[in-house]
Amino acid sequence: MPKYVIEREIPGAGKLSAEQLKAISQTSCGVLSNMGPQIQWVHSYVTTDKIYCVYHAPNEEMVREHAKQGGFPANVVTEVSNIIDPATAE
């Protein structure tokens with residue numbers, strides 16, 4: 001299954017409270033539940049003004065539909081072509 005990184009521009013994201021992040025997560029999980037098992041949220045990185053999310057999905061359109069249904073921005077959606085880490089250097 002393809003993996004995608006979604007860049008979401010959310011001013012002040014790094015200052016969101018635990019309760020706000022929980023609410024966002026609950027909304028996302030609710031939409032995912034309705035969309036079915038073919039799209040999966042892996043995890044997200046919260047930075048100062050952006051949230052970077054990693055998803056498994058069959059195509060970019062499904063990722064964008066999740067964002068639309070959840071009311072989330074999906075400013076950039078990029079398919080991951082490969083993954084490297086320190087073990088790649090060995």
Side-chain angles (χ1 to χ4, degrees):
M1 172 100 48
K3 184 179 286 192
Y4 293 88
V5 175
I6 302 99
E7 180 180 307
R8 304 183 193 281
E9 292 182 17
I10 303 174
K15 295 181 182 177
L16 292 170
S17 69
E19 294 82 22
Q20 290 171 309
L21 291 171
K22 181 177 180 179
I24 291 168
S25 298
Q26 289 173 334
T27 298
S28 179
C29 288
V31 173
L32 290 168
S33 179
N34 290 335
M35 291 182 73
Q38 63 271 27
I39 181 168
Q40 301 168 349
W41 175 25
V42 178
H43 57 259
S44 298
Y45 301 97
V46 180
T47 66
T48 304
D49 291 316
K50 295 181 182 180
I51 297 179
Y52 297 90
C53 303
V54 178
Y55 277 71
H56 293 288
N59 53 56
E60 180 179 336
E61 293 74 26
M62 184 165 270
V63 172
R64 291 195 178 276
E65 181 60 26
H66 169 266
K68 180 180 173 184
Q69 288 185 31
F72 309 121
N75 303 92
V76 180
V77 178
T78 306
E79 185 173 352
V80 175
S81 58
N82 214 329
I83 298 173
I84 62 172
D85 60 26
T88 307
E90 297 173 1

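Keep in mind that what you see is a predicted model, and the values were worked out from it rather than measured.
Within the structure, the ring pair (Phe, Tyr, Trp, His ring centres under 6.0 Å) test picks out no pair touching residues 14-39 (sequence neighbours left out). Residue pairs meeting the ring pair (Phe, Tyr, Trp, His ring centres under 6.0 Å) criterion with at least one partner in residues 11-40, sequence neighbours excluded, are absent. For residues 73-90, the set of pairs meeting the side chain to side chain donor-acceptor pair (under 3.5 Å) definition, not counting sequence neighbours, is empty. Residue pairs meeting the salt bridge (charged side-chain N to carboxylate O under 4.0 Å, His left out) criterion with at least one partner in residues 54-72, sequence neighbours excluded, are Glu60-Arg64.
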Under 3.5 Å donor-acceptor pairs involving side-chain atoms of residues 6-21, not counting sequence neighbours:
unit_1, atom_1, unit_2, atom_2, d
Glu7, OE2, Lys50, NZ, 3.0
Arg8, NH1, Pro73, O, 2.8
Ser17, OG, Glu19, N, 3.4
Ser17, OG, Glu19, OE1, 3.3
Ser17, OG, Gln20, N, 3.1
Ser17, OG, Gln20, OE1, 3.3
Gln20, OE1, Ser17, N, 2.7

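Asn34 CG to Leu32 CG: the interatomic distance, rounded to the nearest 0.5 Å, is 9.0 Å.
Every side-chain contact (heavy atoms from CB on, under 4.5 Å) that Lys3 has, sequence neighbours left out, goes to Val54, His56, Val80, Ile83. When the ring-ring contact (aromatic ring centres under 6.0 Å, His included) test is applied to Tyr45, the partners found at least two apart in sequence or on another chain are His43. Phe72 pairs by the ring-ring contact (aromatic ring centres under 6.0 Å, His included) definition with His66, not counting sequence neighbours.
The hydrophobic cluster containing Ile84, built from Ile/Leu/Val/Met/Phe/Trp/Tyr side-chain heavy atoms closer than 4.5 Å, comprises no other residue.
Cluster annotation: Val77 is connected to Met35 through the hydrophobic network of ILVMFWY side chains, with a link wherever side-chain heavy atoms come within less than 4.5 Å. In the hydrophobic clustering of this structure, Ile51 does not group with Trp41; members are Ile, Leu, Val, Met, Phe, Trp, Tyr whose side-chain heavy atoms approach within less than 4.5 Å, directly or through other members.
The shortest heavy-atom contact between Pro58 and Pro2 is O-CG, 3.9 Å. For Gly70 against Thr27, the heavy-atom pair with the smallest separation is O-CG2, 3.8 Å.
Side chain of Ser28 to main chain of Ile24: no donor-acceptor pair is present (N/O by atom type, distance under 3.5 Å, no hydrogens or angles).
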